[in-house]
Amino acid sequence: MLDPDPCLGDTVQPAYLQADAEVLEVSGIVLPGLIDAHCHLDKTLWGEWVPHSAADTLEDRIGNDRRRRGELGIPSEDRIVALLETMIAHGTTHVRSHTDIDPVVGLAGVEAVRDATERLAGRITVELVAFPQCGVLTDPRTAALLDEALASGVETIGGIDPAGVDRDPV
């Protein structure tokens, strides 16, 4: 029973507490699940070591990423599952994944992340952010893919510096 509410003069029980709820006896510290608010599950190389091969500019990092996708087998549903299982083991219960959307990869990253998440159903939730890393204006097909991603249930559209990638800050 909770302490009496000073305004109401009687004991108040929040609506989320139910009389028939299961009671667990625990000791130690109990915390809510952790949230990873920014990751790129579709590009994970979890379990593999790959040397850094891009120069330091954003443009070269993006280009290197695009050039090496096929060679590195990105996206990989199995590596996504392996990374999510490690996150779960360390207390993460929710992830927001910024997933590449562009004419080269299409929605393959979205599909791989969704399939991996389904394999772990009930253990972790994943919010998908459609991430047009290669810009929107640089290739008109990207905008249509973003619409397709939203229609398929992707919750959010992310972005990248439009002045740097699309060369149009407006």
Between [X] and [Y], what is the shortest heavy-atom contact and its length?
X	Y	value
Asp60	Ala55	OD2-N, 2.5 Å
Val30	Val26	CG2-CG2, 3.6 Å
Asp139	Pro103	OD2-CG, 3.3 Å
Thr99	Gly109	CG2-C, 3.4 Å
Ala143	Val136	CB-CG1, 4.1 Å

Is [X] reaching over with its side chain to a backbone N or O of [Y], donor-acceptor style, under 3.5 angstrom?
X	Y	answer
Glu77	Ala112	no
Asp100	Asp42	no
His40	His98	yes
Asp166	Gly135	no
Thr142	Thr138	no
Ser152	Ala149	yes
Arg79	Gly73	yes

Hey, is NE2 on His90 packed in by over 12 heavy atoms from elsewhere, all under 6.0 Å? no
Crowded around Glu155 CD? As in, over 12 foreign heavy atoms under 6.0 Å? yes
If we only count heavy atoms from C-beta on, is the [X] to [Y] side-chain gap below 4.5 Å?
X	Y	value
Arg119	Asp78	yes
Ile74	Leu45	yes
Ser76	Thr44	no
Pro132	Leu146	yes
Leu120	Val126	no
Asp102	Gln133	no
Val154	Leu107	no
Ile160	Ile62	yes

Where do Arg61 and His52 land on the side chain to side chain contact (heavy atoms under 4.5 Å, CB included) test, with the steps shown first? CA-CA 10 Å; Arg61 288 175 186 246; His52 178 72; 4.0 Å; yes
Side chain to side chain contact (heavy atoms under 4.5 Å, CB included) assessment of Leu150 paired with Ile157: CA-CA 8 Å; Leu150 288 174; Ile157 292 181; 3.4 Å; yes
Please say yes or no: joined through hydrophobic side-chain contacts below 4.5 Å, possibly via intermediate residues, are Phe131 and Val113 part of one cluster? no
Would Leu41 and Val129 show up in the same hydrophobic cluster when neighbours are defined by side-chain heavy atoms closer than 4.5 Å? no
Tell me, please, which residues at least two apart from His94 pass ring-ring contact (aromatic ring centres under 6.0 Å, His included).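 Partners of His94 under the ring-ring contact (aromatic ring centres under 6.0 Å, His included) test: none.
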Working to the nearest 0.5 angstrom, can you tell me the gap between [X] [atom1] and [Y] [atom2]?
X	Y	atom1	atom2	result
Ile88	Leu34	CD1	CG	12.0 Å
Leu72	Asp65	CG	CG	8.5 Å
Ile124	Leu84	CD1	CG	5.0 Å
Arg114	Leu128	CZ	CG	5.5 Å

Results of side chain to side chain contact (heavy atoms under 4.5 Å, CB included) for Ser53 - residues two or more places apart only: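 Testing Ser53 for side chain to side chain contact (heavy atoms under 4.5 Å, CB included), a comparison that skips the adjacent residues, returns Asn64, Arg68.
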